[in-house]
Protein chains: 2
Amino acid sequence: MKIKVKGIENQGARGKMDLNERSMIVLKSIIENYIQNSEPIGSRTLSKSIGFKLSPATIRNIMSDLAESGFLIQTHTSAGRVPTDKAYRFYVDSMSKKPAVPEQIKQKLSPVSNVQGTPVEHILSKAVHLLAELTKFACVVSTPKQSVSRLQRIELIKISEDRILVILVTKAGVVRDKIIFVKENHSQEFLSSVTSFLNEEFKNHSMQEIREGIHQSIVSDRHRYHDLLAHAVRLGKKAFELNQPGEMFIEGQMNLLLDSHFHEQSSVKSLIDAFEQKTAIMKILDESMKNKGVHIHIGIENDYEHLHRCSLITASYRNKQNVLGSIGVVGPTSMDYKSIISTVEYTAKMLSKTISEQSYD
Amino acid sequence: MKIKVKGIENQGARGKMDLNERSMIVLKSIIENYIQNSEPIGSRTLSKSIGFKLSPATIRNIMSDLAESGFLIQTHTSAGRVPTDKAYRFYVDSMSKKPAVPEQIKQKLSPVSNVQGTPVEHILSKAVHLLAELTKFACVVSTPKQSVSRLQRIELIKISEDRILVILVTKAGVVRDKIIFVKENHSQEFLSSVTSFLNEEFKNHSMQEIREGIHQSIVSDRHRYHDLLAHAVRLGKKAFELNQPGEMFIEGQMNLLLDSHFHEQSSVKSLIDAFEQKTAIMKILDESMKNKGVHIHIGIENDYEHLHRCSLITASYRNKQNVLGSIGVVGPTSMDYKSIISTVEYTAKMLSKTISEQSYD
DNA sequence: TATTAGCACTATTCATTAATGAGTGCTAAT
DNA sequence: ATTAGCACTCATTAATGAATAGTGCTAATA
């Protein structure tokens, strides 16, 4: 969005400008100043810092209007005005195209692609760690959802008489393991048969499909296997049971404490709660997987009350086939949206690239 | 350590007591009070709260002596006196036998044993989470050291032409995976041969041994395998290469912020650094694996400067065969050592029990 | 000789006050 | 429509003083 303004930088000529657009510029200046300095700017200072000539008094009028429309609030009479969540929303919505990611940031994120060959979890944790370091806020990333990823391979390993170690490898490159307890003492050979049966049968199917279809599929194949069948059904059901809820890595929580906006005791407590009980943030990350691009949740827009003073910037990452999870930043509503958004976007892109390259299809 | 004191609770008869022992009691009272209330206690108040009759003036003399011997410091004249790290050290060293773990705490930790069948990492993360919840401090746990654990099984799975997924299962029940890149395009069948060869050869050996002995062992077996050999050596070397440095889970960092002792800006910053760069804490956890029992590091005793205002209580956990890692609490030097120590000890015990039960030997 | 009472002294904390200053709102002039 | 000027508000800061909690020292005491 380009705003045309006549007479800028020209003291003498006062160009005609649409009031609306002018107040937008003022609003943006206020927001940007607040983002930078974390304290309200006065009409006088603003008048000086703004690009074109406008007296403090005029700016006061504009500010007054903006306050009336809900873009600004005063904490008390005669205090500077501070942007509301509505203002931030306007700001990000009307944001000119995201700026290019600075070379410096790209460089600092480059280690993400240097951890190829390591488990996906390591890549994620590397990425979220770097992102936290760069943004100086708290960052989160969700691990790939098991349900959507497709099976690459299953292994059943006999551990003891009554325990079998199940290893699931998904196309996305995620390895999950669990132990299942069985009553019968199967031989390793028998398990190998079941293993190859399950692999043949279910390779390339999503976990969800497998779980839903495990009965039908096996039943229809009845003629090929005999005593194997009953056991395979049982083992298979157990093996594919969803055991792990979505996980989430958090990094840089402490960063938030250094941020001036969270110095008040009450909001610190809120944040602790929000991170303690991870569900709310997890939900936002999940939501973010449904659509492409960067998602922005500003303060009060968040359903969860403890996050009302935070903004979340999230973006999903994927391999060639599926959206796997998402990564995001949790910071104060007055964060520097411009740079954070592009940094998150870039990180997600890097992540997708790295993971795709070592995905198994 | 039992201290015999005559005349306690008896105003009239002033029993003879060794001055030293009496001052110990005073010191302990001061420490315990400070642990509880986080603020210095005055001679007058102490005189009232102490078990036996002793005037404020006498207590002042004793306190003065204690200060001279380095057990107490005054932040400034006419402020109450506060225990030094030396005092805490005395306190924990002279502590009477650890109190039994309260039933309530046992109950709250019981979920640790309810996660059997899940990966070891989950058990650890559950334990450290609960510990943080109970102690209200930050808690850490190190994942099992790869080097000491012994091999249960290795699997090589062909992923693509040039990539092989290696899955290592240790006796301790830890599953590790990594991808290795190869130049030759091996068939899955060939990999199976290598797999069984490696399994036969190395099962029950520690990773360290395997890594060190992989040459000799294979060479001495030369007669049994032919072309397999060269590849097996290469693959084996790659597969067993140490790829992951010890990991560590952290929980409840935020708890520290609510603690009154860390409210000063400076010490918060220190803590952030300490957790950011995990090596120092990791080192203490590693150290703790060398000896049995609970380890206590008080403030200045820590090598790492950022931890000078913290105490760490750690204990190792193990399976039937090996010490695997350790778990610990990071809190202010004025923590309630009595209860924290026994809680950490109990948690480590629970952890050992749970992990032993699902270990593979 | 060890303990205690009493008193002088000191430093923190808290509430009050006054000065300062940044900022707005309104009105009249341009 | 814009601006200058002025009155007013409220937060922040520093200074003041009273109250408080604490020690150190000395002389009296058991």
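Chain letters run A, B, ... following the sequence lines, proteins first, then strands; residues in each count from 1.
- Taking OG of B/Ser43 as the start and CG of B/Leu54 as the end, the distance is 10.5 Å to the nearest 0.5 Å.
- The distance from the CG atom of B/Leu66 to the CG atom of B/Leu27 is 5.5 Å, given to the nearest 0.5 Å.
- Checked against side chain to side chain contact (heavy atoms under 4.5 Å, CB included), B/Asp336 has the following partners two or more places apart in sequence or in another chain: B/Ile35, B/Lys338, B/Ser339.
- Close to C/dT24, at under 4.0 Å from its OP1 or OP2, lies a side-chain N or O of A/Ser43.
- OP1 or OP2 of C/dT4 has at least one side-chain nitrogen or oxygen of B/Thr58 nearer than 4.0 Å.
- Between the NZ atom of A/Lys48 and the C1' atom of C/dG23 there is a distance of 13 Å, rounded to whole Å.
- Classification of the A/Phe90-A/Phe71 ring pair by plane angle, with boundaries at 30° and 60°, yields perpendicular.
- Whole-Å rounding puts the A/Asn33 CG to C/dG23 P distance at 10 Å.
- Note: A/Tyr304 OH to A/Cys310 SG = 11.0 Å, rounded to the nearest 0.5 Å.
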*Go along nucleotides 25-30 of chain C 5' to 3' and tag each nucleotide: B for a protein heavy atom under 4.0 Å from its base, S when only backbone or sugar atoms are that close, - otherwise.*
BB----
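- Using a cutoff of 4.0 Å between basic side-chain nitrogens and carboxylate oxygens, A/Glu301 and A/Arg89 are scored as salt-bridged.
- Rounded to a whole Å, the CD1 atom of B/Ile62 is 12 Å from the C1' atom of C/dT4.
- Distance B/Leu46 CG to D/dA21 C1': 14 Å, rounded to the nearest Å.
- Side-chain nitrogen and oxygen atoms of A/His76 include none within less than 4.0 Å of the OP1 or OP2 phosphate oxygen of D/dT9.
- For C/dT3, one of the phosphate oxygens OP1 or OP2 lies less than 4.0 angstrom from a side-chain nitrogen or oxygen of B/Arg22.
- B/Ile284 CD1 to B/Leu312 CG: the interatomic distance, rounded to the nearest 0.5 Å, is 4.5 Å.
- Under the side chain to side chain donor-acceptor pair (under 3.5 Å) test applied with A/Tyr91, the options A/Glu32, A/Lys28, A/Lys86 reduce to a single match, A/Glu32.
- Residues B/Ser55 and B/Ala79 both approach DNA chain C. Their nearest nucleotides, taken by heavy-atom distance, put B/Ser55 toward the 5′ side.
- Note: CZ (B/Arg44) to P (C/dG6) measures 12 Å, nearest angstrom.
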Polar atoms only, N or O, under 3.5 Å: list the protein pairs with nucleotides 17-19 of chain D and their distances.
none

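- Nucleotide D/dT9 is matched to C/dA22 when pairs are restricted to Watson-Crick or G-U wobble geometry with both distances under 3.5 angstrom.
- Ring geometry for A/His297 against A/His295 counts as parallel: the plane angle stays under 30°, on a 0 to 90° scale with 60° as the upper cut.
- How far CZ of A/Phe275 is from CD1 of A/Ile250: 6.0 Å, rounded to the nearest 0.5 Å.
- Taking atom CG of A/Asp65 as the reference point, atom P of C/dT24 lies 14 Å away to the nearest angstrom.
- In this entry D/dG17 has C/dC14 as its Watson-Crick or G-U wobble partner, both defining distances falling under 3.5 Å.
- One finds no side-chain N or O of A/Thr75 lying less than 4.0 angstrom from the OP1 or OP2 phosphate oxygen of D/dA11.
- Atom CD of A/Glu39 is separated from atom C1' of D/dT12 by 13 Å (rounded to the nearest Å).
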